[in-house]
Trainee: 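Let me begin by handing over the structure; questions about it come next.
Any value given below was found using the heavy atoms of this structure, including those in side chains, with hydrogens, waters and symmetry copies removed. Counting begins at 1 with the first residue of the sequence.
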Amino acid sequence: MATTSPRHVAPQRSASIFNNIVGRATRLGISVYGSRVLSVKGRKSGQWRSVPVNPLALDGERYLVSPRGNTHWVRNLRAAGGEGELRIGRRTERFTATEIGDDAKPAVLRAYLKRWAWEVGAFFDGVNAKSPEETLRGIAPGYPIFRITSR
């Protein structure tokens, strides 16, 4: 397991509205630039919790990156043993997630920022896809990343 960082950026009202719109569109089968709805059982309630996410395909693998850090979905996914679902419309994909270590994160972070900086760049405090390797390595502990595999 990777180092757990206490970093967590709580969503602002505007972000909640944006997530709500993207989540609804994705539930209807309209992907917003690759979006999916992530569903994971809650670590305390056991009830399914859902949030829109941007899965990243890189070098034949797929990843979930948490730009806001140690969020509720991250903690729920850890507590659920890495089991969850990704949905778009009526299609559901069950997956198993494995958290990657900090040393493996820079390449994933770079690719994630290259693809979604327009949406999540504000959560990276000036770090972008062109930032030096050592900068990406330095921020890696604050960004949980999971490799996902279909079950």
Side-chain angles (χ1 to χ4, degrees), residues 1-113 115-117 119-125 127 136-151:
M1 265 313 187
T3 304
T4 301
S5 170
R7 180 183 170 279
H8 175 246
V9 179
Q12 301 296 318
R13 180 158 171 72
S14 60
S16 294
I17 292 168
F18 179 77
N19 277 350
N20 197 358
I21 292 167
V22 171
R24 285 178 188 214
T26 305
R27 283 182 191 92
L28 291 172
I30 303 166
S31 176
V32 180
Y33 206 58
S35 64
R36 297 292 184 270
V37 173
L38 168 67
S39 296
V40 181
K41 284 192 177 181
R43 63 193 177 282
K44 295 178 183 175
S45 69
Q47 301 297 313
W48 285 94
R49 304 294 183 202
S50 298
V51 63
V53 294
N54 296 319
L56 173 71
L58 178 66
D59 299 331
E61 301 283 352
R62 290 185 310 145
Y63 299 91
L64 291 176
V65 177
S66 180
R68 294 180 184 275
N70 195 32
T71 61
H72 288 293
W73 75 255
V74 168
R75 289 178 272 176
N76 288 340
L77 189 57
R78 288 174 179 150
E83 293 188 3
E85 297 177 348
L86 289 173
R87 293 186 178 136
I88 181 167
R90 293 182 181 179
R91 288 178 280 156
T92 300
E93 173 193 1
R94 292 183 178 170
F95 69 85
T96 302
T98 304
E99 195 162 0
I100 67 171
D102 292 341
D103 289 342
K105 291 180 182 178
V108 177
L109 288 170
R110 187 178 308 284
Y112 188 79
L113 284 165
R115 181 159 173 110
W116 284 293
E119 182 182 344
V120 300
F123 307 119
F124 285 86
D125 299 322
V127 175
L136 292 169
R137 191 172 304 285
I139 68 164
Y143 297 87
I145 300 176
F146 298 86
R147 182 180 301 110
I148 57 175
T149 308
S150 294
R151 313 191 253 148

Trainee: Show the nearest heavy-atom pair for residues A80 and V40, with the distance to one decimal.
Mentor: CB-CG1, 4.0 Å
Trainee: Could you check whether any side-chain heavy atom of K105 comes within less than 4.5 Å of a side-chain heavy atom of L136, counting everything from C-beta outward?
Mentor: no
Trainee: Provide the closest heavy-atom pair for G34 versus P55 in the form atom of the first, atom of the second, distance.
Mentor: O-CD, 3.5 Å
Trainee: Looking at A107 and L58, what are the two nearest heavy atoms and their distance?
Mentor: O-CD2, 3.9 Å
Trainee: Using the test side chain to side chain donor-acceptor pair (under 3.5 Å), find all partners of T92 that sit at least two apart in sequence or belong to another chain.
Mentor: R87
Trainee: So how far is it from R78 CZ to W73 CH2, rounded to the nearest 0.5 Å?
Mentor: 9.0 Å
Trainee: OH of Y143 to CG of N70: how many Å apart, nearest 0.5 Å?
Mentor: 13.0 Å
Trainee: Mind checking what makes side chain to side chain donor-acceptor pair (under 3.5 Å) contact with E93, not counting sequence neighbours?
Mentor: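 Scan of E93 (side chain to side chain donor-acceptor pair (under 3.5 Å), adjacent residues dropped) gives R62, S150.
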Trainee: For P106, does its backbone N or O pair with a side-chain atom of R137 as donor and acceptor, under 3.5 Å?
Mentor: no
Trainee: Any ring-ring contact (aromatic ring centres under 6.0 Å, His included) involving residues 92-112? Give me the pairs, sequence neighbours left out, ordered by first then second residue.
Mentor: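 Counting only pairs at least two positions apart or across chains, the ring-ring contact (aromatic ring centres under 6.0 Å, His included) contacts touching residues 92-112 are Y112-W116.
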Trainee: If you count every heavy atom of other residues, nucleotides or ligands that lies below 6.0 Å from R91 atom CZ, does the total exceed 12?
Mentor: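 No, the 6.0 Å shell around CZ holds no more than 12 heavy atoms from other groups.
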Trainee: To the nearest 0.5 angstrom, please state how far the CG atom of L56 sits from the CD atom of E61.
Mentor: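 So the gap between those two atoms works out to 11.0 Å.
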Trainee: Take a 6.0 Å sphere around CZ of R94 and say whether it holds more than 12 heavy atoms from other residues, nucleotides or ligands.
Mentor: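 Not buried by this count: 12 neighbours or fewer within 6.0 Å.
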Trainee: Is there a side-chain contact between T149 and T98 in this structure, where contact means two heavy atoms from C-beta onward sitting under 4.5 Å apart?
Mentor: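 They are not in side-chain contact.
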Trainee: In Å and rounded to the nearest 0.5 Å, what is the OG1 to CZ distance from T96 to R151?
Mentor: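 CZ of R151 is found 5.0 Å from OG1 of T96.
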Trainee: Side-chain contact, heavy-atom cut-off 4.5 Å: R36 with L64?
Mentor: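 With C-beta onward as the side chain, the pair stays apart.
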Trainee: Got a second to check how far R43's CZ is from R49's CZ, nearest 0.5 Å?
Mentor: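 The CZ atom of R49 is 9.5 Å from CZ of R43, to the nearest 0.5 Å.
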Trainee: Start with the C-alpha gap between V65 and N54, add the side-chain angles, then the distance that decides, and say whether side-chain contact (heavy atoms from CB on, under 4.5 Å) holds.
Mentor: CA-CA 8 Å; V65 177; N54 296 319; over 6 Å; no
Trainee: Provide the closest heavy-atom pair for F123 versus P67 in the form atom of the first, atom of the second, distance.
Mentor: CB-O, 3.3 Å
Trainee: Taking atom CD of E99 and atom CZ of F146, what is their separation to the nearest 0.5 Å?
Mentor: 4.0 Å
Trainee: List the atom of S66, the atom of G69, and the distance in Å for their closest heavy-atom pair.
Mentor: OG-O, 2.5 Å
